2 protein chains.
Amino acid sequence: MVAVLVIEDDDRIRLSLAMALEDEGYTVHTAATAEEGLVRQRREPADTVLVDLMLPGIDGFECIRELRRHDEVPIVVVSARDDTHDIVAALEAGADDYVVKPVATKELSARLRALRRRTRPASVAEPRPTVLGELELRPYAGEVLLRGELLALTRTEFRLLCELAEHAGQVLSRQQLLARVWEYDYGDERLVDVHVGRLRQKVEDDPGNPVRLVTVRGMGYKLQRP
Amino acid sequence: MVAVLVIEDDDRIRLSLAMALEDEGYTVHTAATAEEGLVRQRREPADTVLVDLMLPGIDGFECIRELRRHDEVPIVVVSARDDTHDIVAALEAGADDYVVKPVATKELSARLRALRRRTRPASVAEPRPTVLGELELRPYAGEVLLRGELLALTRTEFRLLCELAEHAGQVLSRQQLLARVWEYDYGDERLVDVHVGRLRQKVEDDPGNPVRLVTVRGMGYKLQRP
DNA sequence: CGAACTCGTGACAGTTGTGTGACAAAAACC
DNA sequence: GGTTTTTGTCACACAACTGTCACGAGTTCG
């Protein structure tokens with residue numbers, strides 16, 4: 001369920017936008033002023049914000065900046081003013097798109113979809129516990145649990161595992177691992193093999209038959225997605 | 001250094017766009033047709049693509065879809081047509097933004113910056129899997145699935161299949177395959193036969209009667225479109 | 001019809017890629 | 001300062017993969 005917050009002072013426009021978006025399947029929150037919108041978004045964050053520029057009190061530009069101080073939510077400006085100056089200012093303030101009223105619902109909806117495609121899932125930002133099947137990584141704590149039991153990993157093994165986990169499901173070449181874990185631009189790729197081998201001893205139940213940390217012959221190594 | 005590819009058939013517009021963008025500090029690649037643009041982008045990928053809709057030959061929509069098959073590059077449509085239908089179609093095809101000509105350089109530049117803010121760094125980007133009927137290719141994961149089951153392909157088979165899949169539906173000559181998969185400029189073309197044969201054993205239900213990876217006598221091999 | 005050609009495939013030997021145990025240097029710890 | 005742990009290098013062994021060849025079936029064409 002995708003929620004959209006509409007910040008717009010004109011009652012008629014706000015309602016018609018809300019109805020149109022609801023018809024497109026969105027859950028719609030509304031606010032008549034920037035202040036109200038900011039509070040609303042803090043309490044119950046929507047996935048996308050639509051904001052008018054000419055608002056009583058705090059104006060649209062300021063509203064965008066305020067939102068951006070704590071929030072990466074996609075912001076689309078819906079304004080009556082078709083002026084390069086405003087467009088540039090709004091985008092610079094942190095808006096992602098700018099459409100001119102009146103706008104066709106279909107277009108608005110398509111732009112929202114396009115924007116959402118580009119929006120990274122919140123997950124990739126900070127180090128947070130990653131659970132991969134029976135493995136649990138706690139990068140901030142420097143811990144790795146296998147079925148709830150703490151693994152005794154060395155620092156290199158830990159970093160290697162984190163790097164692989166960050167790209168779980170993707171093959172990472174020895175070169176890539178060397179660069180990201182060891183910060184070597186060149187070097188003996190066999191080093192990676194050895195450490196992968198050691199990591200396997202600890203991470204796999206049967207190191208002879210790896211199921212989690214697998215080799216992709218000719219390409220590199222991969223941590224399986226659960 | 002940020003590179004932008006401009007695909008636009010009108011010489012005057014293309015040049016003025018290119019100059020304007022260069023003034024803004026971008027490196028600009030140009031192409032007068034979609035075909036040229038696609039080749040250019042494959043050879044030397046830009047960070048953002050600007051594309052016109054009305055192009056001779058392959059049109060803008062098709063160009064966008066073709067780009068999106070392998071590339072997550074941000075795409076901005078720059079079109080003379082201000083029509084909801086076109087806008088929606090372009091965005092649905094995979095474009096990220098749509099601006100109407102003539103557009104102020106400042107606005108275009110601001111939109112490019114806004115878009116780039118949203119674009120995840122290339123390292124995190126996950127190429128989307130290619131699905132061809134019952135076959136699913138996941139190049140980044142080094143995996144190929146047939147009806148959901150993992151195939152054990154060797155590296156050469158894998159690369160061969162990827163190359164064929166990239167041009168699914170068209171015949172590739174042994175020469176082309178030798179060049180692209182093996183990076184041989186010359187060599188024994190029978191080598192290709194052998195590997196195609198081995199690949200067939202794994203990809204076809206009845207290798208004697210190939211339905212997916214077919215021979216085009218006298219010309220080469222072809223991976224059937226679903 | 002037969003010669004020339006195309007293509008599929010099994011066999012095989014040489015090459016490459018990978019796992020691993022041993023070991024010494026380096027770092028961490030006490 | 002000595003002990004323990006970690007790290008990087010090496011060498012060997014083995015398995016997987018690759019490229020070549022040769023034979024045979026099927027096709028094309030004169």
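Only a predicted model underlies this, so the values are computations on that prediction, with no experimental measurement involved. Each chain gets a letter, A, B and so on, in the order the sequences are listed, and its residues count up from 1.
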Under 3.5 Å, is there a donor on one side chain and an acceptor on the other for B:Ser109 and B:Arg113?
yes
Between C:dT6 (P) and B:Gln175 (CD): distance, integer Å
13 Å
From CZ of A:Arg159 across to C1' of D:dT6 the rounded distance in Å is 13 Å
Any salt bridge between A:Arg198 and A:Glu157, counting N to O under 4.0 Å?
no
For A:Tyr221 and C:dG19, is the shortest distance between a side-chain N/O and OP1 or OP2 below 4.0 Å?
yes
Using distance alone, with no hydrogens and no angle criterion, decide if A:Tyr98 and B:Arg111 have a side-chain donor and acceptor under 3.5 Å apart.
no
For residues 187-201 of chain B, which residues have at least one heavy atom under 4.0 Å from DNA chain D?
B:Leu191, B:Val194, B:His195, B:Arg198
Any side-chain donor paired with an acceptor under 3.5 Å for A:His167 and A:Arg180?
yes
For nucleotides 27-30 of chain C, which of its nitrogen or oxygen atoms have a protein nitrogen or oxygen under 3.5 Å away, and what is each distance?
none

Assess the residue pair B:Glu204 and B:Arg212 against the criterion (side chain to side chain contact (heavy atoms under 4.5 Å, CB included)); give the C-alpha distance rounded to whole Å, side-chain angles, the decisive distance to 0.1 Å, and a yes or no.
CA-CA 7 Å; B:Glu204 295 286 352; B:Arg212 289 184 256 270; 3.3 Å; yes
With a 4.0 Å cutoff (strictly under), does any side-chain N or O of B:Trp182 reach OP1 or OP2 of D:dG19?
yes
Go through the side-chain N and O atoms of B:Asp193 and B:Tyr221 and say whether any donor and acceptor fall under 3.5 Å apart.
yes
Verdict with supporting geometry, A:Leu91 and B:Lys106, side chain to side chain contact (heavy atoms under 4.5 Å, CB included):
CA-CA 11 Å; A:Leu91 293 172; B:Lys106 295 284 177 203; over 6 Å; no
State, to 0.1 Å, how close A:Leu135 and A:Val203 come at their nearest heavy-atom pair, and which atoms those are.
CD1-CG1, 4.1 Å
For the pair made of CG in B:Leu160 and P in D:dG19, what is the distance, rounded to whole Å?
11 Å
Global bending angle along the helix from C:dC1-D:dG30 to C:dC30-D:dG1, which compares the axes of five pairs at either end, to 10 degrees
30°
Nearest to side-chain heavy atoms of A:Thr215, which nucleotide of C:dG19, D:dT18, D:dG8
C:dG19
Which atom names give the shortest non-hydrogen contact between B:Arg200 and B:Thr215, and what distance separates them?
NH2-OG1, 2.5 Å
Which part of the nucleic acid, if any, lies within reach of A:Tyr184 when heavy atoms closer than 4.0 Å are counted: base, sugar-phosphate only, or nothing?
sugar-phosphate
Under 4.0 Å, counting only non-hydrogen atoms across every strand here, what does A:Gly208 touch: a base, just sugar-phosphate, or nothing?
nothing
Could you tell me whether B:Arg12 atom CZ has more than 12 heavy atoms of other residues or ligands within 6.0 Å of it?
no
Between C1' on D:dC29 and CZ on B:Arg217, what's the gap in Å once rounded to a whole number?
12 Å
Round to the nearest Å and state the distance from A:Met219 atom CE to C:dT18 atom C1'.
15 Å
Considering non-hydrogen atoms only, spot the tightest contact between B:Leu178 and B:Gly187 and give its length.
CD1-O, 3.8 Å
Which heavy atom in B:Lys101 sits nearest to a heavy atom in B:Ala80, and how many Å separate them?
CE-N, 3.5 Å
Nearest whole angstrom, please: distance from the C1' of D:dC17 to the CZ of B:Phe158.
16 Å
I need the CG-P distance between B:Asn209 and D:dA25, as an integer number of Å.
18 Å
